[in-house]
Amino acid sequence: MTDAVQTPHVGQTKFAPRVFSGIQPSGGLTLGNYLGALKRFVEMQDQGMEAIYCIVDLHAITTWQDPERLRQQTREAAAAFIAAGVDPKRSILFNQSQVSAHAELAWVFNCVTRLGWMNRMTQFKDKTAGKNAENASLGLYAYPSLMAADILLYHATHVPVGEDQKQHVELTRDIAAKFNHDYKVDFFPMTLPVIEGAATRVMSLRDGSKKMSKSDPSDQSRINLTDDADTIAAKIRKARTDAEVLPDLPEGLKDRPEAKNLVNIYAALSGKSVEEVLAEFAGQGFGAFKPALADLAVAVMSPITSEMQRLMADPAEIDRILGDGADRADAIAQPILARTLDIVGMIRSRR
Ligand code: AMP
Ligand code: TRP
């Protein structure tokens, strides 16, 4: 178990440990998603924690998605979860829109969340930067409230995410605390973000100041989970770097964002610490380091890529798995939604 799992936590004693996390099917998944999220999802499942993993299609449509591609990307994300090691029997794997309670709880949270809190969300600012924010969807603005609903609908206590999602998990705690306070209950837990490992923020291969993202216009900036071995190797060979050799200590990577990123990726893929990686490569230039990284990336990613392809050949089976996951998720969500509506003062005479 991780430290975070063992941390005693005010107001949480009555909540059994339960993991929840989500990934948007708004494009193909990247190495950033794998190292920052999927790999951690599998580790928490394998530590024996009860885990619920969700492909958040309602979040994806906060920016326009081609309907057929969205369906395809949702199946591809499901295949990536399974290929990475999420076991859909032990854990729950489903797509968000099949459990309508997410949207229903999000509405209640829209009424708890303050505009001032939303205005502080940096991801909304980043996503609308340089664009006309007036033209962004209301859904994109309200997105963190839906994310809080995803998490709290299951009374999830631990949320493994990359660094960029920390603020949203903190907002989830604020929403839970305000709900509990306003209705004088101790109903929602104070969920902890779990942000661990060498790759909580994998950067673009073209620009060490930008996050590796499925929505970056440059395909060279990222490694996709669908890239073949030659493409992965070529992208790493062409990754932007500097002309210096690798230092022997992590401090030597300060102010060298591209070098730091490649070393972090190597560490995360190999399971070694940054110190160990530097001990191995100190004094060597990228002419030596990049081929070693490419070999490692191909060795780790190829089995996942080929398993994904195998799974994608049977879309009906993927849909069946998602449907089964949705039924099991719904069984947990319904009583929590019903109790929430009851607390808020809604008449519930039909159930
Ligand atoms: P998204 O692709 O935005 O739906 O993100 C899904 C999960 O992957 C979240 O936990 C993110 O924090 C994580 N993630 C996305 N991109 C990266 C990245 N470049 N480095 C680390 N984690 C990431
Ligand atoms: N907002 C997350 C992202 O873009 C995806 C997400 C939606 C999520 N709901 C969640 C992550 C609940 C963790 C828990 O990365």
Side-chain angles (χ1 to χ4, degrees), residues 18-41 44 51-63 65 73-74 76-77 80-81 84 86 94-97 99 102-103 105-106 109 121-124 126-127 139-140 142-173 175-176 191-216 221-225 257 260-261 264-265 267-269 329 333:
R18 181 182 278 155
V19 176
F20 183 96
S21 197
I23 292 189
Q24 298 191 64
S26 49
L29 302 194
T30 70
L31 182 67
N33 292 128
Y34 175 69
L35 294 175
L38 284 177
K39 190 166 185 279
R40 304 282 304 120
F41 297 174
M44 293 185 91
I52 304 175
Y53 296 126
C54 185
I55 301 160
V56 291
D57 46 10
L58 296 174
H59 278 102
I61 60 164
T62 57
T63 57
Q65 304 293 325
Q73 284 161 189
T74 302
E76 201 175 282
F81 272 84
V86 169
F94 72 110
N95 60 308
Q96 188 185 28
S97 61
V99 178
H102 288 251
L105 185 62
F109 287 170
M121 293 297 116
T122 55
Q123 182 171 298
F124 179 79
D126 292 346
K127 284 194 176 175
L140 187 65
Y143 171 124
S145 166
L146 176 60
M147 177 161 161
D150 297 340
I151 296 167
L152 295 174
L153 189 53
Y154 302 94
H155 281 178
T157 54
H158 296 84
V159 176
V161 277
E163 187 64 45
D164 63 320
Q165 295 301 314
K166 188 170 183 220
Q167 193 184 35
H168 291 158
V169 183
E170 283 163 0
L171 180 84
T172 300
R173 296 159 65 105
I175 294 174
T191 307
L192 293 169
V194 183
I195 303 171
E196 287 168 359
T200 56
R201 191 168 168 81
V202 177
M203 308 309 281
S204 156
L205 298 178
R206 308 301 307 163
D207 177 351
S209 70
K210 274 181 19 196
K211 183 183 86 154
M212 181 181 287
S213 164
K214 54 176 83 126
S215 57
D216 193 310
S221 71
R222 62 176 161 264
I223 291 171
N224 304 300
L225 294 195
K260 185 174 174 188
N261 187 38
N264 281 347
I265 292 175
L269 284 171

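Just so it is clear, the structure is predicted and the values come from calculations on it, not from any experiment. Counting starts at 1 for both ligands and their atoms, following the listed order.
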> Suppose we measure from atom 21 (C) of ligand 1 to each protein heavy atom; which comes out shortest, and what is that distance?
T200 O, 3.3 Å
> Quick check on contacts: which atoms of ligand 1 are under 4.0 angstrom from a heavy atom of R201?
20 (N), 21 (C)
> If the cut-off is 4.0 Å to any non-hydrogen atom of A37, which atoms of ligand 1 fall inside it?
7 (C), 8 (O), 10 (O)
> Going by the order shown, which atoms of ligand 1 are within less than 4.0 Å of some heavy atom of A199?
21 (C)
> Looking only at protein heavy atoms, which one is nearest to atom 10 (O) of ligand 1, and what is the separation?
G162 N, 3.1 Å
> For atom 3 (O) of ligand 1, what is the nearest protein heavy atom, given as residue, atom name and distance?
Q24 NE2, 4.0 Å
> Excluding sequence neighbours, so at least two apart, what forms salt bridge (charged side-chain N to carboxylate O under 4.0 Å, His left out) with K211?
D164
> With the side chain counted from C-beta on, respond yes when Q123 and Q167 share a heavy-atom pair under 4.5 Å apart, and no when they do not.
no
> Ignoring hydrogens, what is the shortest heavy-atom contact between V161 and V169? Give both atom names and the distance.
CG2-CG2, 4.2 Å
> Verify the neighbour count for atom NZ of K166: are there more than 12 heavy atoms of other residues, nucleotides or ligands below 6.0 Å?
no
> Using heavy-atom distances only, which candidate in V161, L35, D164 approaches atom 11 (C) of ligand 1 most closely?
D164
> Note the single closest protein heavy atom to atom 16 (N) of ligand 1, along with its residue, its atom name and the distance in Å.
M212 O, 3.7 Å
> Looking only at side chains, do Q24 and Q73 share a donor and an acceptor under 3.5 Å apart?
no
> Could you tell me whether some N/O pair between G22 and ligand 1 is separated by less than 3.5 angstrom?
no
> Of the protein's non-hydrogen atoms, which lies at the shortest distance from atom 1 (P) of ligand 1, and what is that distance?
K214 NZ, 3.5 Å
> Checking a contact table here: which protein heavy atom is nearest atom 5 (O) of ligand 1, and how many Å away?
N33 ND2, 3.4 Å
> Would you say D57's side chain and S97's backbone share a donor-acceptor pair under 3.5 angstrom?
yes
> In the protein, which heavy atom is nearest to atom 22 (N) of ligand 1, and how far is it?
G32 O, 3.3 Å
> Considering only heavy atoms of G36, which atoms of ligand 1 have at least one such atom less than 4.0 Å away?
21 (C), 22 (N)
> Can you pull out the closest protein heavy atom to atom 20 (N) of ligand 1? Residue, atom name and distance to 0.1 Å, please.
V202 N, 2.8 Å
> Hey, what's the ring geometry for Y143 with H168, parallel, tilted or perpendicular (30° and 60° as the breaks)?
tilted
> So, regarding M203 and ligand 1 (criterion: nitrogen or oxygen to nitrogen or oxygen, under 3.5 Å), is there a contact or not?
no
> Please report whether the ring centroid of F20 lies less than 6.0 Å from that of H155.
no
> Should the heavy atoms of other residues, nucleotides or ligands under 6.0 Å from NZ of K260 be counted, would the total exceed 12?
no
> Roughly how far apart are L140 CG and K127 NZ, rounded to 0.5 Å?
6.0 Å
> Which heavy atom of K214 sits nearest a heavy atom of G28, and at what distance?
CB-O, 3.2 Å
> Near ligand 2, which protein residues have a heavy atom under 4.0 Å away?
F20, S21, G22, Q24, V56, H59, Y143, M147, D150, I151, V159, V161, Q165
> Using modelled atom types only, decide if a donor and an acceptor are shared between the side chain of T157 and the backbone of R18 within a distance under 3.5 Å.
yes
> Would you mind reporting whether N261 and R201 have side-chain heavy atoms less than 4.5 Å apart?
no
